[in-house]
Undergrad: 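One structure, pasted below without further comment.
Starting from 1, each residue takes its place in the sequence as its number.
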Amino acid sequence: MKIKPTGYYILVEVEVIEETHEGSRIVRVSDERKRDQAGRDVGIIKEFGPIAFQGYADCKGPEDWGCKVGDKVEVNRYDGKTPRLAESNPELANLRIINDNDIIAVIA
């Protein structure tokens with residue numbers, strides 16, 4: 001099953017932070033801990049809606065905004081929505097549909 005964003009939305013696959021357990025405590029590397037405390041997620045852009053980033057000054061599309069499909073990006077943890085289909089389809093569980101202006105940064 002495929003999900004295609006419409007309008008100015010972007011489909012992002014959010015990375016899942018792997019946790020390592022040592023006894024009863026959770027061990028994470030410091031970058032993951034800082035990102036978790038800041039309420040940020042990292043993901044990969046999968047697809048753009050047809051008018052994503054259009055309408056901003058001098059911006060005709062994603063390339064003018066500085067991002068493209070496949071880029072690793074940072075987004076706020078609670079921005080966007082999880083597709084309803086993800087409830088019954090585990091392979092869609094890490095997808096999130098976000099507004100175009102919710103991209104905080106492209107990670108190089």
Undergrad: Asp71: what forms a salt bridge (charged side-chain N to carboxylate O under 4.0 Å, His left out) with it, not counting sequence neighbours?
TA: Lys68
Undergrad: If I take atom NZ from residue Lys4 and atom CD1 from residue Ile97, how far apart are they, to the nearest 0.5 angstrom?
TA: 12.0 Å
Undergrad: Please name all residues satisfying salt bridge (charged side-chain N to carboxylate O under 4.0 Å, His left out) with Lys72, sequence neighbours left out, ordered by chain then number.
TA: Glu15
Undergrad: Under the ring-ring contact (aromatic ring centres under 6.0 Å, His included) rule, what pairs show up with a residue in residues 87-108, not counting sequence neighbours?
TA: none
Undergrad: About how many Å separate CG of Asn76 and CD1 of Ile103, when rounded to the nearest 0.5 Å?
TA: 10.5 Å
Undergrad: Could you pull out every donor-acceptor pair under 3.5 Å between side chains of residues 6-13 and any protein atom, sequence neighbours left out?
TA:
from: Glu13; atom 1: OE1; to: Lys46; atom 2: NZ; distance (Å): 3.3

Undergrad: Hey, what do you get for CD1 (Ile98) to CD1 (Ile45), rounding to the nearest 0.5 Å?
TA: 7.5 Å
Undergrad: Under the ring-ring contact (aromatic ring centres under 6.0 Å, His included) definition, can you give me all pairs with a residue in residues 71-108, not counting sequence neighbours?
TA: none
Undergrad: Identify each donor-acceptor pair in which a side-chain atom of residues 52-67 lies under 3.5 Å from a protein atom, sequence neighbours left out, and give them as a table.
TA:
from: Gln54; atom 1: NE2; to: Pro50; atom 2: O; distance (Å): 3.4
from: Tyr56; atom 1: OH; to: Asp100; atom 2: OD1; distance (Å): 3.1
from: Asp64; atom 1: OD2; to: Lys60; atom 2: N; distance (Å): 2.8

Undergrad: Working to the nearest 0.5 Å, report the span between CD1 of Ile104 and CG of Asp102.
TA: 8.0 Å
Undergrad: What is the distance from atom CD1 of Ile3 to atom CG of Leu92, rounded to the nearest 0.5 Å?
TA: 4.5 Å
Undergrad: Using a 3.5 Å distance criterion without hydrogens, assess whether the side chain of Arg96 forms a donor-acceptor pair with backbone atoms of Lys81.
TA: no
Undergrad: Nearest heavy-atom pair of Val69 and Glu47: which atoms, and what distance?
TA: CG2-CA, 4.3 Å
